[in-house]
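Here the structure comes first, spelled out in structure tokens, and everything after it is commentary.
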Number of protein chains: 2
Amino acid sequence: MFQISTRLRYGLRALTYLSTNEGSGTVSLHEIAEKEGISRKYLENIFKLLKKNKITRSVRGREGGYALIKKPEDIGLYEIAAALEGPVSLLDCIDAESLCENSSECGVRSFWADYQEYVKKYMLNITLAQVIDRYYNKK
Amino acid sequence: MFQISTRLRYGLRALTYLSTNEGSGTVSLHEIAEKEGISRKYLENIFKLLKKNKITRSVRGREGGYALIKKPEDIGLYEIAAALEGPVSLLDCIDAESLCENSSECGVRSFWADYQEYVKKYMLNITLAQVIDRYYNKK
DNA sequence: TTATTTCCTACTACTTTAATATGATATAAC
DNA sequence: GTTATATCATATTAAAGTAGTAGGAAATAA
């Protein structure tokens with residue numbers, strides 16, 4: 001219940017590693033995979049999404065790799081989660097009109113809409129920098 | 001992302017219907033299925049969990065059905081969600097010690113622990129009565 | 001030229017989810 | 001007592017999602 005996906009967890013770890021090790025250059029997936037104990041092939045899938053959503057940039061070829069586009073302080077968790085798990089979407093309401101007459105769907109829907117806003121708010125207010133900070137302080 | 005399951009949504013709708021229609025007796029799954037447009041067989045699965053978790057009671061045989069055990073004001077959404085989706089569980093941390101030395105897992109884990117508490121808090125503070133209230137006010 | 005890297009298109013194994021199938025058991029109405 | 005209507009029990013199925021793998025093309029620095 002309310003479990004996060006391995007994809008997002010791996011993604012966050014990879015980005016944490018990336019931001020603390022990229023320096024002025026890039027970091028290869030090979031290195032991240034080795035240091036974080038994550039499959040390199042699976043990281044490829046993850047970084048494909050991160051690049052597509054303009055969170056990272058890439059350099060191909062030898063000595064290539066990935067780097068963050070923005071500073072960790074400017075990267076919200078919401079955009080990372082949205083990139084890796086798809087954006088928040090409310091429930092479908094296709095035949096809502098016919099349903100809402102006789103069912104409890106409307107009440108439940110409006111409740112969940114609020115719930116999603118609540119979760120989204122949390123994600124919007126936390127940055128990658130804050131997650132990294134936790135890593136070092138192990139608080 | 002942060003999407004709720006059909007099982008929980010159906011469960012909430014069924015409980016809403018139940019509490020507004022049980023009166024002093026019980027309501028059959030046949031009736032709920034018909035009025036809410038949900039498969040009766042699927043409702044059986046849902047109510048098996050709700051009964052097991054002491055949210056509803058049942059009466060077998062003709063004229064039988066289900067009823068709430070507590071008043072809607074005393075049923076928190078968290079217990080309903082926990083019954084239908086399993087309780088909140090933190091990430092496994094079996095070989096955490098070996099990992100935490102070199103990886104970013106610890107920082108990410110502590111972040112998600114807070115996140116889960118945040119969500120849990122929301123669920124604990126909302127009752128079935130409040131969801132029902134929304135249904136009528138269609139706010 | 002070669003080693004290393006991203007990039008691209010699949011494929012696979014596994015788990016979960018939503019739903020169905022079949023029938024046993026209980027009970028009120030007739 | 002028979003019957004219709006319920007829950008209860010077990011199990012199966014179809015589709016989707018998740019985690020991870022396979023094989024190689026293209027780029028680029030050493």
Side-chain angles (χ1 to χ4, degrees), chain A residues 1-14 18 21-22 24-69 81 83-86 89 91-92, chain B residues 1-14 18 21-22 25-53 55-69 81 83-86 89 91-92:
Chain A
M1 178 177 162
F2 313 125
Q3 199 75 4
I4 63 160
S5 69
T6 301
R7 187 163 59 240
L8 179 51
R9 210 170 79 245
Y10 283 0
L12 267 184
R13 287 171 60 192
L18 190 57
N21 290 277
E22 65 182 5
S24 55
T26 60
V27 178
S28 73
L29 296 189
H30 176 80
E31 180 180 341
I32 299 176
E34 198 167 70
K35 294 291 175 57
E36 292 285 338
I38 300 171
S39 148
R40 197 205 88 226
K41 275 295 182 184
Y42 197 42
L43 282 176
E44 283 187 14
N45 297 335
I46 290 172
F47 276 83
K48 184 182 176 181
L49 292 168
L50 292 175
K51 186 186 177 183
K52 186 179 155 198
N53 285 277
K54 305 200 192 323
I55 292 167
T56 56
R57 61 184 175 85
S58 69
V59 175
R60 295 179 71 168
R62 190 163 182 166
E63 300 286 292
Y66 287 90
L68 294 173
I69 289 181
L84 297 179
E85 306 206 318
S89 65
L91 305 167
D92 302 332
Chain B
M1 178 178 162
F2 314 125
Q3 198 77 2
I4 63 160
S5 68
T6 301
R7 187 163 58 241
L8 180 50
R9 210 171 79 245
Y10 283 1
L12 267 185
R13 288 172 58 193
L18 190 56
N21 290 277
E22 64 183 6
T26 62
V27 178
S28 73
L29 297 188
H30 176 80
E31 180 180 340
I32 299 176
E34 199 166 70
K35 295 292 177 53
E36 292 285 337
I38 301 171
S39 147
R40 199 205 85 225
K41 276 298 182 186
Y42 197 42
L43 282 175
E44 284 188 13
N45 297 334
I46 291 172
F47 276 83
K48 183 181 178 182
L49 292 168
L50 292 176
K51 187 187 177 183
K52 185 178 154 196
N53 286 276
I55 292 168
T56 56
R57 62 184 173 85
S58 69
V59 174
R60 295 181 71 169
R62 190 162 182 168
E63 300 287 291
Y66 287 90
L68 294 174
I69 288 180
L84 298 179
E85 305 205 319
S89 65
L91 304 168
D92 303 333

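Lettering of chains follows the sequences in order, A, B, ..., and the numbering in each one begins at 1. Basis for what follows: all heavy atoms, side chains included, without hydrogens, waters or symmetry-related copies. This structure is a prediction, so every number in the text was calculated from the model and none was measured.
Between A:Lys41 atom NZ and C:dA10 atom P the separation is 15 Å, expressed in whole Å. A straight line from CD1 of B:Ile46 to P of C:dT17 spans 12 Å, rounded to a whole angstrom. Per the geometry, CG belonging to A:Leu43 stands 12 Å off C1' belonging to D:dA19, to the nearest Å. For the pair A:Arg9 CZ and D:dA19 C1', the computed distance is 11 Å after rounding to whole Å. Rounded to an integer number of Å, the gap from CG of A:Leu84 to P of D:dG20 is 14 Å. Residue B:Tyr42 contributes atom OH, which lies 8 Å from atom P of C:dT17 at whole-angstrom precision. Distance A:Tyr10 OH to D:dA19 P: 8 Å, rounded to the nearest Å. In this structure, B:Ile4 places its CD1 atom 19 Å from P of C:dT16, rounding to the nearest Å.
Annotation: of the two residues near DNA chain D, B:Arg40 and B:Asn45, the 5′-most nearest-nucleotide partner is B:Arg40. Both B:Gly65 and A:Leu8 lie near DNA chain D, and the one whose nearest nucleotide falls closer to the 5' end is B:Gly65.
Checking the phosphate oxygens (OP1, OP2) of D:dA19, a side-chain nitrogen or oxygen of A:Thr6 falls inside 4.0 Å. The shortest distance between the side-chain N/O atoms of A:Ser58 and the OP1/OP2 oxygens of C:dC7 is below 4.0 Å. Phosphate proximity of D:dA6 to B:Arg62: absent, as no side-chain N or O sits under 4.0 Å from OP1 or OP2. Residue A:Tyr66 places none of its side-chain N or O atoms closer than 4.0 Å to OP1 or OP2 of C:dT5.
How far CD1 of A:Ile38 is from CD1 of A:Ile32: 8.0 Å, rounded to the nearest 0.5 Å. For the atom pair CG (A:Leu18) and CG (A:Leu68), the distance works out to 4.5 Å, reported to the nearest 0.5 Å.
A salt bridge is absent between B:Glu44 and B:Lys48; no separation between the charged side-chain nitrogens and carboxylate oxygens falls under 4.0 Å.
Smallest separation of non-hydrogen atoms from A:Glu85 and A:Arg7: CA-NH2, 4.4 Å.
A donor-acceptor contact under 3.5 angstrom links the side-chain atoms of A:Arg60 to the base of D:dA26.
Judged by distance alone, the side chain of B:Arg9 and the main-chain N or O of B:Ile4 form no donor-acceptor pair under 3.5 Å.
Using a 4.0 Å heavy-atom cutoff across all strands shown, B:Phe47 reaches no nucleic acid atom at all.
Using a 4.5 Å cut-off on side-chain heavy atoms (C-beta onward), A:Leu43 and A:Tyr66 make no contact.
Checked against D:dG20, C:dT20, D:dT7, the side chain of A:Ser39 finds its nearest nucleotide in D:dG20.
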What side-chain donor-acceptor pairs closer than 3.5 Å can you find for residues 49-58 of chain A, not counting sequence neighbours?
unit_1  : atom_1 : unit_2  : atom_2 : d
A:Lys51 : NZ     : A:Ser58 : OG     : 3.1
A:Asn53 : ND2    : A:Leu49 : O      : 2.8

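Within residues 48-56 of chain A, no residue places a heavy atom under 4.0 Å from DNA chain D.
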